[in-house]
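Each residue takes its place number in the sequence, starting with 1.
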Amino acid sequence: MKQLKNWGNGFTLFLAYLFIVIYALIFTNETGWTLLLFATLLVGIEMISLLGSLRRLKLVSREELLLQMGESAKLSFEITKRGSYPLVFIQMKLMSTAFPSTISLYFFQGKKQLQTIWSPAERGYFQKVPIQVTSSDFFGWFQKKRILEMEMNGFVLPQFSVEADTVVAYFQQVLHQSTYGESSFTVKNYRPYRMGDALKQIDWKASSRQQELIYREYQQYQTSEWVFIFYGQDSFYFEEMLGIFYSLHRQFPQFTTILIGENVPMVETNDLRQYALIQPLIAPQVLPEFHQKRIFLFTPQYSEALEEQVTHLQRDNQLTVYTYKELMAKLGIEVTL
């Protein structure tokens with residue numbers, strides 16, 4: 001449709017110019033030659049605006065951006081021409097779904113610094129952003145459009161979970177309980193049972209031999225031994241669970257945090273950019289080995305391969321697994337799907 005309009009406008013301009021030429025040749029007066037000079041100048045300008053190729057344009061942003069979903073950031077970038085030949089555009093417009101408004105340029109001659117607001121709609125690592133570039137003549141009679149990719153380096157982190165406050169409050173309570181007596185699996189001492197001791201810590205075999213109730217005292221966990229693990233099982237709830245885990249990481253940066261997924265190394269990390277890079281697992285991954293730690297494992301959903309590894313880690317660690325639905329149920333939040 002746009003090409004048809006361009007051809008129609010071109011044909012109209014050609015007829016108008018032809019009419020002026022004929023008029024100037026027939027009526028050889030000052031008015032005719034003035035009209036011809038003006039028409040020739042106008043056609044020349046229109047031709048210049050049509051000769052330039054949008055393929056020769058290059059858009060580059062040289063800064064690194066780090067922001068959360070739902071946030072906006074100031075984006076500076078440069079538009080330049082490729083090659084040494086001149087490139088002129090009378091009017092240009094740059095549009096993108098990530099830009100709040102259209103950027104307009106006039107009389108572009110090869111290089112221009114621009115600035116806009118970038119508002120990404122999804123989490124991820126952005127190296128290229130599609131931008132629709134439209135060039136036109138001064139009157140807007142002829143237009144050319146092309147989608148160009150702007151080179152950039154943008155990290156978009158998860159948005160703070162809607163349930164973040166509730167989740168953080170819950171784990172603050174767990175932390176408080178752990179600080180005041182949550183036991184590990186290492187027995188510190190055996191002693192006779194006293195009124196008020198927890199029945200689950202009675203050693204029934206030792207009690208039968210001693211003919212009295214024997215109580216097991218365990219060493220206590222320290223909060224520094226907490227480990228948060230996100231296991232990126234492919235699931236409908238992947239982004240929701242990642243948002244919750246990200247919120248906990250920002251609230252408890254002092255604890256060991258490990259992301260397990262595609263595109264990220266399986267090591268302890270405080271580099272928030274990993275939250276932009278991580279993608280759901282394609283194949284099961286082996287959990288790292290730990291000894292006598294308090295592990296909280298977050299996964300969008302459970303799998304048989306993960307269950308086997310959890311059983312192995314529970315032999316020497318206190319490990320709690322949270323799937324998205326289980327965590328929401330524990331917090332009293334209804335999941336619609």
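Tyr322 has its ring centre less than 6.0 Å from the ring centre of Phe171.
Residue Ser135 holds its OG atom at 4.5 Å from NZ of Lys144, rounded to the nearest 0.5 Å. Atom CD of residue Gln172 and atom CD of residue Gln251 lie 5.5 Å apart, to the nearest 0.5 angstrom. The line from CZ of Arg82 to CG of Leu87 is 11.5 Å long, rounded to the nearest 0.5 Å. Considering CG of Leu259 and CG of Leu242, their distance stands at 7.0 Å, rounded to 0.5 Å. How far CD of Gln127 is from CE of Met152: 10.0 Å, rounded to the nearest 0.5 Å. Asp165 contributes atom CG, which lies 11.5 Å from atom CG of Leu331 (distance to the nearest 0.5 angstrom).
Between Leu75 and Met150, some side-chain heavy-atom pair lies under the 4.5 Å cut-off. For the pair Thr320 and Arg294, the minimum side-chain heavy-atom distance is below 4.5 Å. Within the 4.5 Å cutoff, no side-chain heavy atoms of Val310 are placed close to those of Glu307. When side chains are defined from C-beta on, Lys112 does not count as touching Thr80, because their heavy atoms never get closer than 4.5 Å. Residues Arg146 and Leu148 are in side-chain contact: their nearest non-hydrogen atoms beyond the backbone lie under 4.5 Å apart. Using a 4.5 Å heavy-atom cutoff, the side chains of Leu114 and Thr116 are not in contact. Taking 4.5 Å as the limit, some side-chain heavy atom of Phe126 sits within range of a side-chain heavy atom of Trp118. Considering only heavy atoms from C-beta on, Val264 comes within 4.5 Å of Ile278 through its side chain.
Looking only at distances, no side-chain donor or acceptor of Gln301 sits under 3.5 Å from a matching main-chain atom of Tyr324. A side-chain donor-acceptor contact under 3.5 Å links Asn317 to the backbone of Phe290. The backbone N or O of Gly332 lies less than 3.5 Å from no partner atom in the side chain of Lys330, so there is not a single donor-acceptor pair. Distance alone, capped at 3.5 Å, is enough to place a donor-acceptor pair between the Gln309 side chain and the Gln285 backbone. When atom types are taken as modelled, the side chain of Thr299 and the backbone of Tyr302 share no donor-acceptor pair closer than 3.5 angstrom.
Ion pairing of Glu151 with Arg62 is absent here, as no side-chain N (NZ or NE/NH1/NH2) approaches a carboxylate O to less than 4.0 Å. A salt bridge links Glu78 with Lys111: the distance from a Lys NZ or Arg NE/NH1/NH2 to an Asp or Glu carboxylate oxygen falls below 4.0 Å.
Exactly one of Ile79, Ile103, Thr134 qualifies for a side-chain contact (heavy atoms from CB on, under 4.5 Å) with Met92. That residue is Ile79. Residue Met95 is tested with Val133, Ile131, Thr102 for a side-chain contact (heavy atoms from CB on, under 4.5 Å); the sole match is Thr102. Of the candidates Phe228, Phe245, Phe252, Tyr231, Phe296 forms a ring-ring contact (aromatic ring centres under 6.0 Å, His included) with just one, namely Phe228.
Cluster annotation: Met266 and Val321 are assigned to the same hydrophobic cluster (Ile/Leu/Val/Met/Phe/Trp/Tyr, side-chain heavy-atom contacts under 4.5 Å, transitive). Both Ile333 and Phe298 belong to a single network of hydrophobic side chains, linked directly or stepwise wherever heavy atoms of I, L, V, M, F, W or Y lie under 4.5 Å apart. Connection of Leu66 to Tyr125 is established within a shared hydrophobic cluster, with ILVMFWY side chains joined at heavy-atom distances below 4.5 Å, either directly or through further cluster members. A continuous path of ILVMFWY side-chain contacts below 4.5 Å connects Met241 to Phe236, so both sit in one hydrophobic cluster.
Pairing each heavy atom of Glu225 with each of Gln292, the nearest pair is OE1-O, 3.7 Å. For the pair Ser76 and Gln115, the tightest heavy-atom approach, listed with the atom from each and the gap, is OG-NE2, 3.1 Å. When all heavy atoms are compared, the tightest approach of Ser161 to Ser247 is N-OG, 3.1 Å. Here the shortest heavy-atom pairing between Gln274 and Pro265 reads OE1-CD, 3.4 Å. Heavy-atom minimum distance, Val156 versus Pro120: CG2-CG, 3.6 Å. Nearest heavy atom pair, residue Pro192 against residue Glu212, reads CB-OE1, 4.1 Å.
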Side chain to side chain contact (heavy atoms under 4.5 Å, CB included) assessment of Leu287 paired with Leu306: CA-CA 8 Å; Leu287 295 173; Leu306 180 59; 4.0 Å; yes
From CA spacing to verdict: side chain to side chain contact (heavy atoms under 4.5 Å, CB included), Leu157, Arg123: CA-CA 6 Å; Leu157 309 177; Arg123 180 191 65 84; 5.9 Å; no
Side chain to side chain contact (heavy atoms under 4.5 Å, CB included) between Ser96 and Val129, worked out: CA-CA 8 Å; Ser96 172; Val129 172; 4.0 Å; yes
Side chain to side chain contact (heavy atoms under 4.5 Å, CB included) evaluation trace for Asp234 with Ile282: CA-CA 7 Å; Asp234 191 9; Ile282 298 174; over 6 Å; no
Evaluation steps, side-chain hydrogen bond (donor to acceptor under 3.5 Å, both in side chains), between Ser136 and Gln143: CA-CA 4 Å; Ser136 66; Gln143 288 189 351; 5.1 Å; no
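Relative orientation of the Tyr275 and His249 rings is tilted, given thresholds of 30° and 60° on the angle between their planes. Between Phe160 and Tyr246, the ring planes are tilted. Angles from 30° to 60° get that label.
In this structure, Glu64 places its CD atom where more than 12 heavy-atom neighbours from other residues, nucleotides or ligands lie under 6.0 Å away.
With sequence neighbours excluded, no residue satisfies salt bridge (Lys or Arg N to Asp or Glu O under 4.0 Å) with Lys93.
Thr323 and Glu326 are linked by a side-chain donor-acceptor pair at a separation below 3.5 angstrom, with hydrogens and angles left out of the test. Using modelled atom types and a 3.5 Å distance limit, the side chains of Gln233 and Ser235 yield no donor-acceptor pair. Between the side chains of Gln279 and Asn263, no donor N or O sits under 3.5 Å from an acceptor N or O.
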